[in-house]
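Labels below follow one simple rule: chain letters A, B, ... track the order of the sequence lines, proteins then strands, and each chain is numbered from 1.
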Amino acid sequence: MEQSERLHMPLFSIRIVKELTDLTPRQIRYYESHGFVKPARTEGNQRLFSFADVDRLLDIKQLIDRGVNMAGIKEMMMEQEQKYKKEQEEREELKRLREQMKREALHHPNQKKASMIQGQLSHFYKS
DNA sequence: ATTCTAACA
DNA sequence: TGTTAGCA
């Protein structure tokens, strides 16, 4: 099994998370209501938190302790979210580029590729 | 016994 | 945020 799977595996009851984070169950549920974590649920609707959830709650607690309010935390979360989306988009763009170059190489083995490559790269500089 | 939601303080 | 009520 992979790391990212372990990090998101639903494992901990709210009481364990309370002990791990020193947050009250009230605070944990409150932060969830603001979208800072999204724990899985059992069939009985009880929360099951992952390591990733616990890490995130610890980050939230640190920010709260440093005086950041809910609005501030939400702003920081949206920034991180957009940053991640941007990186993801760039990865997909590079993936498309590699696939297209591969196709070109297979379908036109003897043709020079410089101009096509320049056209593709221009996407990274426009706007 | 433990957690859940909702609501009031 | 804390606490309580009433449920699952």
NZ (K38(A)) and OG (S50(A)) are apart, to the nearest 0.5 Å, by 8.5 Å

Ion pair present between K86(A) and E93(A), side-chain N to carboxylate O less than 4.0 angstrom?
no

Between R47(A) and dT3(B), is there a side-chain N or O to OP1/OP2 distance below 4.0 Å? no

Applying the Watson-Crick and G-U criteria (both distances under 3.5 angstrom) with [ ] for crossing and | for other-strand pairs, one obtains for DNA chain B .|.||||||

Interatomic distance, CD1@I14(A) vs CD@Q46(A), rounded to 0.5 Å, equals 9.5 Å

Closest non-hydrogen atoms of P39(A) and R47(A), given as atom of the first, atom of the second and distance, are CG-CG, 3.6 Å

Within 6.0 Å of CD in E99(A), more than 12 heavy atoms from elsewhere:
yes

Residue pairs passing the ring pair (Phe, Tyr, Trp, His ring centres under 6.0 Å) test with at least one member in residues 55-96 of chain A, sequence neighbours excluded, are none

When rounded to whole Å, the CG to P distance for the pair N45(A) and dT3(B) reads 13 Å

Presence of Y31(A) side-chain N/O under 4.0 Å of dT1(C) phosphate oxygens OP1/OP2
yes

Expected list for residues 10-20 of chain A near DNA chain B, using heavy atoms below 4.0 Å, is S13(A), I14(A), R15(A)

Give every donor-acceptor pair under 3.5 Å between a side-chain atom in residues 57-81 of chain A and any protein atom, sequence neighbours left out.
unit_1: K61(A); atom_1: NZ; unit_2: T21(A); atom_2: O; d: 3.4
unit_1: N69(A); atom_1: OD1; unit_2: A71(A); atom_2: N; d: 3.2
unit_1: N69(A); atom_1: OD1; unit_2: G72(A); atom_2: N; d: 2.7

When rounded to the nearest 0.5 Å, the distance separating CG of L97(A) from CD of E92(A) is 13.5 Å

When rounded to whole Å, the CD to C1' distance for the pair E32(A) and dT3(B) reads 12 Å

So, with a heavy-atom separation below 4.0 Å from DNA chain B, the residues of residues 55-63 of chain A are none

Tightest non-hydrogen contact, residues T24(A) and K18(A), listed as CA-CG, 4.5 Å

From CZ of R29(A) across to P of dA7(B) the rounded distance in Å is 16 Å

In short, M9(A) meets M1(A) closest at the heavy-atom pair CE-SD, 3.9 Å

Rounded to whole Å, OH of Y30(A) lies from C1' of dA6(B) at a distance of 15 Å

Check your understanding: Do the rings of F12(A) and F51(A) sit parallel, tilted or perpendicular, given the 30° and 60° boundaries?
Key -> perpendicular

Atom CZ of R41(A) and atom C1' of dT2(B) are separated, to the nearest Å, by 14 Å

Expected string for nucleotides 3-8 of chain C under the B/S/- scheme (protein heavy atoms, under 4.0 Å, primed atoms plus P, OP1, OP2 as sugar-phosphate) is B-----

Check your understanding: E32(A) and R41(A): salt bridge (Lys or Arg N to Asp or Glu O under 4.0 Å), yes or no, with the steps?
Key -> CA-CA 13 Å; E32(A) 181 197 11; R41(A) 298 288 181 130; 3.4 Å; yes

Output for pair (I16(A) CD1, F49(A) CZ), nearest 0.5 Å, gives 11.5 Å

